Structure formats: structure tokens, C-alpha cells
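If you're wondering where the values come from, they're calculated on a predicted model, not measured in any experiment.
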Amino acid sequence: QGQLVESGGGLVQPGGSLTLSCAASGFTFSAFTMSWYRQAPGKERELVANIGPAGGVVNYANSVKGRFTISRDNAKNTVYLQMNSLKPEDTAVYLCHTPSRNYWGQGTQVTVSS
């Protein structure tokens, strides 16, 4: 059974930056597409970005395009989400996901506030 553990969340001012990490174990990480989702209170879970197994194919939600960058290090079994120019509306729990196996992490809170 695969396991995903997110880290790197926190409180940041508008315009600031954060980098989230998701460490994977228990499955062949390099063979699978990985995704970041987020869920704000009272809202549906939203796909933020995904990245193909080799890292060459990436997709972003329109709301984060140009501000967020997804990347992965298959040698470290880790996927990252670099978040720049953060806005209050980016406040949410950010979750790591392996779509084809439906593995979910526990999430990490990101709060953007002055």
C-alpha cells in the first residue's frame, strides 16, 4: 500500500512564496503521474497541477498557471509544488495524490493572510 506524506505548508503573506513537498513510499513512484489538489473550507476539492512519470508533461489549473510550478525528483520519490505570488484565495489544505492508485496524503495547510 502506497503512502504519501506532504510537508512545507504554513502561514505566508500575500505575494509570498512556499514550496510544498510530497514524499512517496510503498510503490514505484517513477512509474506514475502525480497530482496536487487543494480544498478550501466549504469548497470542493480542486485539481491544482499534475505531472507525468518522467516529468515532461505538466498541467495546471487556470487559477494557478504562471504562479505555481510542479516538479518531481524520482531519485528521491518526491513531488514538489513551488507556489509564488500567493493570494488569499490560495488558502486551503493541499493534498498529494496518485491518480491511478488513488493514494492520498493527509494534506498540509497553506494560509495566505496579512
Side-chain angles (χ1 to χ4, degrees):
Q1 181 72 8
Q3 185 176 15
L4 303 174
V5 180
E6 301 94 337
S7 61
L11 173 64
V12 62
Q13 292 187 344
S17 298
L18 278 176
T19 299
L20 306 183
S21 300
C22 170
S25 61
F27 64 103
T28 307
F29 176 78
S30 60
F32 295 98
T33 291
M34 296 296 298
S35 302
W36 282 99
Y37 279 76
R38 66 185 181 186
Q39 187 160 23
K43 294 188 177 180
E44 292 190 356
R45 193 167 289 185
E46 173 191 20
L47 175 63
V48 175
N50 55 38
I51 185 167
V57 178
V58 296
N59 294 287
Y60 297 95
N62 287 334
S63 57
V64 307
K65 204 170 290 185
R67 300 188 297 122
F68 290 12
T69 302
I70 189 171
S71 63
R72 65 191 297 162
D73 185 338
N74 286 344
K76 295 183 178 179
N77 287 353
T78 302
V79 60
Y80 304 96
L81 187 68
Q82 171 70 43
M83 306 184 294
N84 298 326
S85 302
L86 283 161
K87 305 175 182 180
E89 52 263 43
D90 294 318
T91 295
V93 175
Y94 284 72
L95 303 108
C96 188
H97 180 50
T98 310
S100 58
R101 292 289 182 93
N102 201 29
Y103 297 148
W104 289 94
Q106 82 289 347
T108 186
Q109 176 70 45
V110 172
T111 302
V112 184
S113 175
S114 55

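- The backbone N or O of Gln1 sits nowhere less than 3.5 Å from a side-chain atom of Tyr103 that would complete a donor-acceptor pair.
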Which atom pairs, one a donor and one an acceptor, fall under 3.5 Å between side chains of residues 20-31 and the rest of the protein, sequence neighbours left out?
none

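- Under the 4.5 Å side-chain criterion, counting only non-hydrogen atoms from C-beta, Asp90 is not in contact with Met83.
- By the 4.5 Å heavy-atom criterion applied to side chains, Val79 and Cys96 are counted as neighbours.
- A side-chain donor from one of Ser63 and Glu46 sits under 3.5 Å from a side-chain acceptor of the other.
- The CD atom of Gln106 sits 8.5 Å away from the CD atom of Gln3 when rounded to the nearest 0.5 Å.
- Looking at heavy atoms from C-beta onward, Tyr37 lies out of side-chain contact with Val93 at the 4.5 angstrom threshold.
- Without hydrogens or angle criteria, Thr91 side chain to Val112 main chain gives a donor-acceptor distance under 3.5 Å.
- To the nearest 0.5 Å, atoms CD1 (Ile70) and CG (Asn59) are separated by 9.0 Å.
- Here the side chains of Ser113 and Leu11 are in contact, with some heavy-atom distance below 4.5 Å.
- Under a 3.5 Å cut-off, the side chain of Arg72 and the backbone N or O of Gly52 do form a donor-acceptor pair.
- Annotation: side chain of Arg38 is in contact with side chain of Val64 (closest heavy-atom distance under 4.5 Å).
- Between Phe68 and Tyr94, the ring planes lie tilted relative to each other; the angle falls in the 30° to 60° range.
- Under the 4.5 Å side-chain contact rule for hydrophobic residues, Ile51 and Phe32 share a cluster.
- Distance CG/Leu4 to OG1/Thr78: 10.5 Å, rounded to 0.5 Å.
- With 3.5 Å as the limit, one finds a donor-acceptor pair spanning the side chains of Thr19 and Gln82.
- You'll find the side chain of Glu6 reaches within 4.5 Å of the side chain of Leu95, heavy atoms only.
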